[in-house]
Amino acid sequence: MSTGLSFFTSYGKLRIPVYRVYAPPLEGITPIPESPFTGRENTLFAYEIDVEVLGENFLPAYTEGDNSHVVATDSMKNFVLRQALEFTGSTIEEFLDLLGRRFLQTYVQMERLRLSGRELPFARVTVPGKERGVFATSRVLFNRSHSAYAVATLAFERDDRGVVSLLDHHCGQVDMELFKVTGSSFSRFVRDEYTTLQERVDRPLFVYLDVYWKYIDDQAFLARDHARYVPAEQVRDLLQVVFHEFVSESIQHLVHEMGQRLLARFPQLAEVSFEAQNRTRDEIVASTTDKKIKVYSDPFSAYGVIRLTVSRNA
Ligand SMILES: O=c1[nH]c(=O)c2[nH]c(=O)[nH]c2[nH]1
């Protein structure tokens, strides 16, 4: 029966917390000059996983209340947790790849799937080492840190022959909050009757920053040797180095410089994109004896947003 309506549906389970202890360590990472990161032990591999099932097969559940094809989202949660025990990889992308393939192999009624992972960052706690006065990091105790975290999204489909393929992906590092006290400017912008902002040749630049990347070839992030894998830690460190070194004319200028450096450093990437929020604080008072000593406070609550996508030409 044609109703003259069309539907798009998706359903799934969001934020499934997975705490896998003693996952295989991440090794084989190619070092870069901007970062000391060359791997991680994965003693605590902690992520929140989103499962979203797409496709037409579930429409009768909406239109007729027919659940005969519906995989309960509670079962999806259990499926993810059981797979985490069997997981033999060491990155979130590898875990999502395992989940995507196993879900579509197990449930014929699922046609397409989108899976996302959100890192729950934990840092090793510092404890006294064997020698007096020397400190080391605990191998068993971790402190949950509410800092920047890695994300990844992979989408899969099963074709008519039952072959599962990866349709799309993106990886990212989000919620960075970087404050540079000197060495950024914003001047020579349009001045008209609406302009109240002062020209600032040296401002304290505070940005909230999300960065996302896509690879040219899926094998660069799924190959077990990890030689072409781009760890979020290296991306974070590289962006911090660019911000540290580069005297920008604006956030637009800064994210462009970050994009150039990322694509130069990682030839395996096809595209990088940024979303930066301008969280620069307002200057309230400055010392009369030492000009560099100042106090800042929160600005007007609206904030500027700057987006940039940099893609390689084919
Ligand atoms: O880096 C900036 N870019 C802008 O476009 C802008 N606009 C503004 O008010 N401050 C800033 N800073």
Side-chain angles (χ1 to χ4, degrees), residues 32-35 118-119 121 145-151 170-214 230-266 269-288 290-313:
I32 62 164
E34 294 86 358
S35 175
R118 201 174 296 105
E119 181 191 12
S145 68
H146 296 273
S147 58
Y149 56 94
V151 293
H170 66 256
C171 312
Q173 170 78 4
V174 303
D175 271 10
M176 285 176 277
E177 298 186 4
L178 299 169
F179 193 127
K180 186 174 178 186
V181 295
T182 182
S184 309
S185 59
F186 185 64
S187 60
R188 293 175 287 126
F189 49 85
V190 173
R191 299 207 77 85
D192 60 14
E193 72 269 33
Y194 299 107
T195 313
T196 53
L197 191 70
Q198 301 291 312
E199 301 257 327
R200 278 161 128 188
V201 286
D202 188 34
R203 62 175 173 171
L205 185 54
F206 188 17
V207 291
Y208 290 4
L209 186 62
D210 298 342
V211 57
Y212 298 93
W213 56 96
K214 285 175 185 252
V230 176
E233 291 88 341
Q234 285 189 345
V235 172
R236 174 204 61 205
D237 292 346
L238 181 148
L239 299 185
Q240 289 175 176
V241 169
V242 172
F243 196 6
H244 166 81
E245 290 175 357
F246 186 61
V247 178
S248 68
E249 292 297 330
S250 64
I251 296 171
Q252 290 86 331
H253 196 205
L254 176 64
V255 291
H256 175 265
E257 187 69 15
M258 289 172 164
Q260 298 296 312
R261 180 86 77 101
L262 274 176
L263 290 182
R265 187 63 71 227
F266 298 112
L269 298 185
E271 180 185 294
V272 292
S273 46
F274 299 87
E275 178 164 324
Q277 292 179 17
N278 185 0
R279 296 290 182 152
T280 300
R281 272 36 195 165
D282 292 339
E283 188 179 318
I284 306 296
V285 278
S287 163
T288 48
D290 182 345
K291 279 213 164 78
K292 82 174 191 306
I293 301 175
K294 296 173 183 168
V295 175
Y296 299 94
S297 189
D298 287 357
F300 188 80
S301 60
Y303 55 85
V305 63
I306 284 99
R307 298 195 176 97
L308 173 70
T309 298
V310 192
S311 312
R312 274 183 218 286
N313 289 329

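Note that ligands are numbered from 1 as they come in the structure, with each ligand's atoms numbered from 1 the same way. Note that the coordinates shown come from a computational prediction; the quantities given were computed from them, not determined experimentally.
- Close approach of ligand 1 to Asn278 is summarised as follows: ligand atoms under 4.0 Å from at least one heavy atom of the residue are 10 (N), 11 (C), 12 (N).
- On a distance-only criterion, Ile251 and ligand 1 share at least one N/O pair closer than 3.5 Å.
- Remark: the backbone N or O of Leu269 is paired with a side-chain donor or acceptor of Arg312 at under 3.5 angstrom.
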> What do the steps show when you test Glu177 against Arg279 for salt bridge (charged side-chain N to carboxylate O under 4.0 Å, His left out), and what is the final call?
Replying inline: CA-CA 9 Å; Glu177 298 186 4; Arg279 296 290 182 152; over 6 Å; no
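- Using modelled atom types, no side-chain atom of Lys294 and backbone atom of Glu283 make a donor-acceptor pair closer than 3.5 Å.
- Residue-level proximity to ligand 1 for His253 is absent, since no heavy atom of it falls below 4.0 angstrom.
- In this structure, atom 9 (O) of ligand 1 lies nearest to the protein heavy atom Leu197 CD2, 3.5 Å.
- One distance of note links OH of Tyr296 with CZ of Phe206; it measures 13.5 Å at 0.5 Å rounding.
- Ligand 1 places these atoms under 4.0 Å from at least one heavy atom of Ser250: 1 (O).
- Under 4.0 angstrom from ligand 1, the non-hydrogen atoms of Arg203 all belong to its side chain.
- With a heavy-atom cut-off of 4.0 Å, Leu205 does not touch ligand 1 at all.
- No hydrogens or angles considered: nothing links the side chains of Ser187 and Ser185 as a donor-acceptor pair under 3.5 Å.
- Every atom of ligand 1 is numbered from 1 in the order shown, and the set under 4.0 Å from a heavy atom of Gln252 is 1 (O), 2 (C), 3 (N), 4 (C), 5 (O).
- Nearest approach of Val151 to Arg118, heavy atoms of both residues: CG1-CG, 4.2 Å.
- Side-chain polar atoms of His256 and Gln260 form a donor-acceptor pair below 3.5 angstrom.
- When only non-hydrogen protein atoms are considered, atom 6 (C) of ligand 1 lies nearest to Phe186 CZ, 3.3 Å.
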